[in-house]
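We use all heavy atoms of the structure for the numbers below, so side chains are in, but hydrogens, waters and symmetry mates are not. Atoms within a ligand are numbered from 1 in the order they appear, just like the ligands themselves. Sequential numbering from 1 along the given sequence is applied to the chain's residues.
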Amino acid sequence: MELATIFLLVFGLRFFPKSFAIELNNISDSRFLIDGDTLVSDTGIFELGFFPSGSSESRYLGIRYKKISVSTLVWVANREQPLDSTSALVLKIMEPGILVLFKNMSMIWSSNKTMESRNATAKLHDTGNLVLMDLDEKVLWQSFDYPTEHWLPGMKIGSDYSRGIEWHLSSWKSSQHPVVGEFTWGADIHGYPESKLKQGTRVILRGEPWRNQRFSRISEFNGNLTVTYNVIINQQEASFAYNLENSSTMSRITLSFSGKLESWMWVEAGMNWQLGASFSQDVCDTYNICSAYGSCIHNMTQQSCVCFDETRFVPRSKRGWEMADWSGGCVRRTQLECKNGSEIFIKYSNVKLPDTQSSWYNRSMNMQECEVECLKNCTCMAYANPDTGLGGRGCLLWFGDLLDASFLHGCGMRGKTRIKLNQ
Ligand SMILES: *[C@@H]1O[C@H](CO)[C@@H](O)[C@H](O)[C@H]1NC(C)=O
Ligand SMILES: *[C@@H]1O[C@H](CO)[C@@H](O)[C@H](O)[C@H]1NC(C)=O
Ligand SMILES: *[C@@H]1O[C@H](CO)[C@@H](O)[C@H](O)[C@H]1NC(C)=O
Ligand SMILES: *[C@@H]1O[C@H](CO)[C@@H](O)[C@H](O)[C@H]1NC(C)=O
Ligand SMILES: *[C@@H]1O[C@H](CO)[C@@H](O)[C@H](O)[C@H]1NC(C)=O
Ligand SMILES: *[C@@H]1O[C@H](CO)[C@@H](O)[C@H](O)[C@H]1NC(C)=O
Ligand SMILES: *[C@@H]1O[C@H](CO)[C@@H](O)[C@H](O)[C@H]1NC(C)=O
Ligand SMILES: *[C@@H]1O[C@H](CO)[C@@H](O)[C@H](O)[C@H]1NC(C)=O
Ligand SMILES: *[C@@H]1O[C@H](CO)[C@@H](O)[C@H](O)[C@H]1NC(C)=O
Ligand SMILES: *[C@@H]1O[C@H](CO)[C@@H](O)[C@H](O)[C@H]1NC(C)=O
């Protein structure tokens, strides 16, 4: 039945070429998306269709801004299987509730099966999210669960524990080819959640532990954009999303094929995308560049490392340090004894919180309980309140050497860290 329908459609296409394009509002059992047509979001911000990527010949089932002159693919379905211009293309809904892309009658891409559902429909939301839902509008599948290299407002980065989905950006192979490239930007949820930019498995840049306030590295949207963050950390998920206060601004964040995270804003007057900020330009941002207990400083000419607190830490290798080899990091001048009562915490302000890979957290503990908890374990080196938006509650403990922490120079107040130290 299904195949026969498509067969007819293919021949229909071949013998009666369409002379006009149709703008669909939804895809359903009886409405397919064929080559030339588009699925358009309610207020016409986004459209889904078969679009070329840059100047390449290949086309992709993708989502782009409808209203602007520069074709900007914000999501691509068939990243690995480009479409040629001669094949008949159909996107349709198949039982039991999946979206399937056919090229000359053979299936080349499909959404994942979630729940069985008859009468599913697909709509493109004004956020740029392609959503497949059942009659009760329950979401069966959505493109926001499978980001490509674009991070749009409202889109989550992180992990959905209950559904086993990991939300991360993955770069294109080149500026023209959506094929999965080398870089990813996603969450590290080994300890307290934070974002990491990786090249393959190697971490090259780290965000800070998530919190609902402004993030220093993504607060630099050009102009007058107000950005709010939405952090969810609970049993079901750990996620981070951003939103723009002015929803009519067109702004997006991309992970470029060369591994740069960049924010862009559409400037109507100039009819182009203006680069707002690039988050990976500063050499001091290079992941763990100063190793354990090191802090990166940069003056006009070059980057260099200092020990986090020079009165209490010294470079592990003085010689290495002199030759700008920071790999040894710093060590305590006096070793911890880890006897009850022999240690205190020194409070540091204005720091970038260390890597949370080896950390533990409890979002409802207060600072006193947090300190007591840290003292219980000899490998606990520091504690902090990860998110001051939790009404004074929240406890984050670090185990083992503190990595990728940094004093921030001239950046204002950014949380408090205390390090467990000998008196
Ligand atoms: C789908 O689109 C058709 C035609 O525009 C419209 O009649 C129908 O109400 C839409 N269905 C939904 C669920 O939006
Ligand atoms: C798809 O079918 C058309 C028409 O029959 C043909 O010209 C084209 O080569 C086919 N494409 C592929 C990839 O098989
Ligand atoms: C389907 O699920 C797999 C595994 O979770 C994922 O890698 C893939 O991207 C998903 N594809 C789509 C189109 O949803
Ligand atoms: C749902 O789909 C079935 C066939 O799959 C059809 O008989 C039924 O009328 C549809 N229901 C609605 C509400 O569209
Ligand atoms: C921000 O707003 C002010 C006042 O409305 C305006 O003068 C300025 O040009 C704006 N900046 C940008 C980058 O749009
Ligand atoms: C929101 O953004 C649009 C488009 O950039 C702009 O025209 C409008 O003035 C902005 N509104 C506010 C309240 O800033
Ligand atoms: C910059 O750092 C280098 C290496 O640490 C140092 O030799 C130089 O004196 C510094 N310059 C300034 C202006 O601080
Ligand atoms: C540490 O000493 C205090 C009193 O100085 C005592 O109340 C506490 O129970 C001791 N904790 C451990 C883990 O021994
Ligand atoms: C977190 O802390 C609260 C308050 O101290 C406590 O009731 C709760 O059991 C703790 N949860 C975990 C998982 O340790
Ligand atoms: C201390 O913390 C580490 C890291 O979480 C854990 O592996 C170890 O078992 C803890 N030790 C004690 C005595 O609780």
N/O to N/O under 3.5 Å, ligand 1 against protein:
| unit_1 | atom_1 | unit_2 | atom_2 | d |
| --- | --- | --- | --- | --- |
| ligand 1 | 2 (O) | Asn26 | OD1 | 3.3 |
| ligand 1 | 2 (O) | Asn26 | ND2 | 2.3 |
| ligand 1 | 11 (N) | Asn26 | ND2 | 2.8 |
| ligand 1 | 14 (O) | Asn26 | ND2 | 3.1 |

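Smallest separation of non-hydrogen atoms from Phe144 and Trp167: O-CD1, 3.7 Å.
Heavy-atom proximity to Glu369, at under 4.0 Å, picks out these atoms of ligand 9: 5 (O). Close approach to Asn377 involves these atoms of ligand 10, each under 4.0 Å from a residue heavy atom: 1 (C), 2 (O), 3 (C), 8 (C), 10 (C), 11 (N), 12 (C), 14 (O). For ligand 9, the atoms closer than 4.0 angstrom to any heavy atom of Met365 are 2 (O), 5 (O). Residue-ligand proximity, Thr379 to ligand 10, at heavy-atom distances under 4.0 Å covers atoms 1 (C), 2 (O), 3 (C).
Looking at Trp360 next to ligand 9, no N or O pair under 3.5 Å apart turns up.
Checked against salt bridge (Lys or Arg N to Asp or Glu O under 4.0 Å), Glu237 has the following partners two or more places apart in sequence or in another chain: Lys156. Take Asp42 and apply the salt bridge (Lys or Arg N to Asp or Glu O under 4.0 Å) test, not counting sequence neighbours, and it matches Lys123. By the ring pair (Phe, Tyr, Trp, His ring centres under 6.0 Å) test, Phe183 is found to be paired with no residue, residues two or more places apart in sequence or in another chain being considered.
Contact annotation for Arg363 and ligand 9: no heavy atom of the residue comes within less than 4.0 Å of the ligand.
Thr38 and Glu23 are not linked by any side-chain donor-acceptor pair at a separation below 3.5 angstrom, with hydrogens and angles left out of the test.
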